[in-house]
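Reviewing the structure listed below.
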Amino acid sequence: MSSDARTGAAPLPTGPLSQIDYSERIPNNVGLNEDRRLQRALEGWQPKFLDWWKQLGPALPTKDVYLRTAIAVGRDGWAHFAHVPMEEYRWGIFLAERNPERVVSFGKHKGEPAWQEVPGEHRADLLRLIVVQGDTEPASVEQQRILGNTAPSIYDLRNLFQVNVEEGRHLWAMVYLLHAFFGREGREEAEQLLKRNSGNADAPRILGAFNEETTDWLQFFMFTYFTDRDGKYQLGTLKESAFDPLARTCEFMLKEEAHHMFVGTTGVQRMVERTAQVMKEHQTKDIFPYGAIPLDVIQKYLNFQFAVSMDLFGSEQSTNAGNYYTSGVKGRWMESRRKDDHVLLEATREMNYVADGEIRTRTVPMLSALNLDLRDEYVADCTHGVRRWNRAFEEAGLEDRLILPHEGFNRKVGVYAGHHVSPAGEVLDDEAWAARAGDWLPSAEDRQAVAALMIPEYEYGKFASWIAPPRTGINEQPVEFDYVHLAEEGLL
Ligand code: BYC
């Protein structure tokens, strides 16, 4: 069911155009109908994807959801909004426009034409990167499967589902690359992307954060802030890749990703606004009894999600990362804006490490520390976000603040793994850590108390007690718009 009559027609795209062909079974702008073998292979994967979506996609039954769908990849007007049954969402393959002049901008192939095919010598690395990236997309849908049952509003429910369908589309983006460029091995990897599952003891997802449970909406907002933001930075580096189809795929994924960032930033923001308001009104930090989430619990969730997301950058020093750079398969964040030689053979940088119970610094070759380079960009971005959230406390005249924990806090990957570091950056022994960890990470009781507040609010325009309403709706619709029609009318 489409509701064009009510929502108005989609705006006409005005940017550079590559219209997406929706008459095909798999919408695409890659001329899929000109390559019958590839088309058939992807059409063979499509029902498996739909089965996976049915089994592990959103659990809450809905009639339809006000979703945006890509209609062109140009700068403006690329999306169309309408009420659609979620299982009929048109997952497709959309690559940003090709620039025929594009050259490799870094590494040993710098200045050579970008690759339109996979060079044999870089095949294994590219395959690995695409599989790791692809694995995270369905993982997040699995992690968020049951959140619809406890949504704080219909507006938030719609945003959750938008994120979910787009993560599904990002899986399609990677599966297209696997099928189109990696032959039988690629097709096998594409099958595996639906067989590994988040938290599955026998066949888990590849990266740590994607096997954690997303227990509630506080965690979801922290996930879309901190973990989706890792996605933004990783996609930003793959967008620089010499392998042009990967670069163009990631460029378009980043456009969709912006909304996921928005969901996290404003979700935490609205929660913090309510917390500050209730703290001020009742002059207490103990605000669970007033239906809001205490600041110290928000801080613990933040600590946890920041640390697992920091782990996603891999080890600070990584020969993988150096090789990816030199060979041209993965660049740096904003590669073209960097004012250096883009080869980095001579460059060095400082890096923290732990020795004899303290954090020390040493100088290392830049090429070996590119995961850290990217992570630093990410941390600067997160620092900015936390500062903005803190305005809610400043404006309420409260002294309390959220903080971003130290980079070494609760880490499982890299130089801090195997050490205990407090959020303030002190190295602790086992005993001191065990005594304090409960102050810094969510306990089972914290999660239970948060869960008790997660009562679904499905009345249009109403919001759960623990979160402030947004300032505006989606696509210029009012906040109280009927963004989602649930399957059971009785619930409305
Ligand atoms: N958990 O040399 P190292 C997103 C493994 S999120 C478990 O330091 P490297 C999204 C590593 O695989 C972005 N294992 O690693 C967000 C390696 O294993 P092998 C996803 C880990 O290669 C929200 C070994 O440790 N995209 O899009 O330099 C919703 C040695 O590590 C972890 C990407 O990540 C971990 N956290 O860097 C939806 C981009 N970290 O080979 C979506 C593609 C490391 O020795 N991936 N290991 O068996 C990459 O660029 C790199 O693979 C990594 C790791 C940055 C992840």
Side-chain angles (χ1 to χ4, degrees), residues 124-145 147 160 162-174 177 189 193 196 198-199 204-212 214 219-241 243 246-247 249-250 253-254 256-261 263-264 305-327 329-333 351 364 367-375 377-378 410-417:
D125 281 348
L126 277 166
L127 181 64
R128 177 175 186 272
L129 287 175
I130 291 167
V131 167
V132 172
Q133 180 63 49
D135 191 70
T136 63
E137 314 289 0
S140 69
V141 176
E142 294 164 1
Q143 287 172 297
Q144 295 160 15
R145 173 172 166 72
L147 289 177
L160 166 72
Q162 182 73 56
V163 169
N164 290 161
V165 292
E166 285 174 356
E167 299 300 7
R169 206 204 67 70
H170 292 181
L171 169 61
W172 269 97
M174 293 301 121
L177 295 175
E189 289 289 1
L193 288 174
R196 284 186 294 271
S198 178
R205 292 294 176 183
I206 297 170
L207 299 175
F210 294 91
N211 289 303
E212 300 289 346
T214 306
Q219 178 117 37
F220 170 66
F221 288 135
M222 290 298 175
F223 184 99
T224 38
Y225 188 84
F226 289 108
T227 308
D228 276 273
R229 196 163 301 269
D230 166 56
K232 167 182 161 185
Y233 282 85
Q234 298 292 350
L235 291 174
T237 65
L238 297 175
K239 174 179 154 260
E240 305 288 343
S241 180
F243 179 39
L246 174 61
T249 305
C250 290
M253 288 164 76
L254 276 165
E256 292 167 313
E257 202 65 34
H259 175 70
H260 310 183
M261 308 282 108
V263 170
Q305 202 64 40
F306 177 65
V308 293
S309 304
M310 291 285 276
D311 279 345
L312 291 174
F313 289 85
S315 309
E316 289 80 355
Q317 278 202 289
S318 160
T319 42
N320 280 344
N323 293 338
Y324 295 156
Y325 187 81
T326 300
S327 61
V329 302
K330 184 179 176 186
R332 285 173 297 170
W333 178 250
M351 187 192 103
V364 296
L367 265 183
S368 75
L370 289 177
N371 285 344
L372 180 56
D373 178 82
L374 186 64
R375 206 183 72 192
E377 298 284 340
Y378 168 81
N410 203 37
R411 298 294 308 282
K412 307 280 183 280
V413 174
V415 287
Y416 295 103

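Whatever order the structure lists them in is the order used to number ligands and atoms, beginning at 1. Just so we're clear, the structure is a prediction, and the values are computed from it rather than from any experiment.
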Atom indices of ligand 1, in the order listed, that fall short of 4.0 Å to a heavy atom of [X]:
X    : answer
N371 : 8 (O), 9 (P), 28 (O), 37 (O)
D230 : 6 (S), 13 (C)
I206 : 7 (C)
G231 : 4 (C), 6 (S), 13 (C), 27 (O)
G208 : 1 (N), 7 (C), 35 (C), 36 (N)
K330 : 49 (C), 50 (O), 55 (C)
S140 : 29 (C), 38 (C)

Note the single closest protein heavy atom to [atom], along with its residue, its atom name and the distance in Å.
atom                    : result
atom 22 (O) of ligand 1 : N320 ND2, 3.0 Å
atom 21 (C) of ligand 1 : L207 CD2, 3.9 Å
atom 55 (C) of ligand 1 : L312 O, 3.6 Å
atom 43 (C) of ligand 1 : L129 CD2, 3.8 Å
atom 44 (C) of ligand 1 : G314 CA, 3.9 Å
atom 20 (C) of ligand 1 : Q133 OE1, 3.3 Å
atom 31 (O) of ligand 1 : S315 OG, 4.1 Å
atom 16 (C) of ligand 1 : T227 O, 3.4 Å

Side-chain ion pair, [X] and [Y], N-O less than 4.0 Å:
X    : Y    : answer
D311 : K412 : no
K330 : E240 : no
R332 : E377 : no

Are any of the side-chain heavy atoms of [X] and [Y] separated by less than 4.5 Å?
X    : Y    : value
W333 : Y378 : no
Y324 : T237 : no
S140 : V163 : no
Q317 : L372 : no
Q234 : L374 : yes
Q133 : T136 : yes

E167 and ligand 1 - part of the residue with a heavy-atom distance under 4.0 Å: side chain
Test: R229 cationic atom under 6.0 Å from Y233 six-membered ring centre, within 45° of axis: no
Check the side chains of [Y] and [X] for a donor-acceptor pair under 3.5 angstrom, ignoring hydrogens and angles.
X    : Y    : result
Q219 : T214 : no
H259 : Q162 : no
E316 : N371 : no

K232 to ligand 1, any heavy atom closer than 4.0 Å: no
Sub-4.0 Å heavy-atom contact, Y233 with ligand 1: no
Any non-hydrogen protein atom less than 4.0 Å away from [atom]:
atom                    : value
atom 48 (O) of ligand 1 : no
atom 7 (C) of ligand 1  : yes
atom 25 (O) of ligand 1 : no

Nearest option to atom 12 (O) of ligand 1, as decided by whichever heavy atom of E137, Q317, R128 sits closest: R128
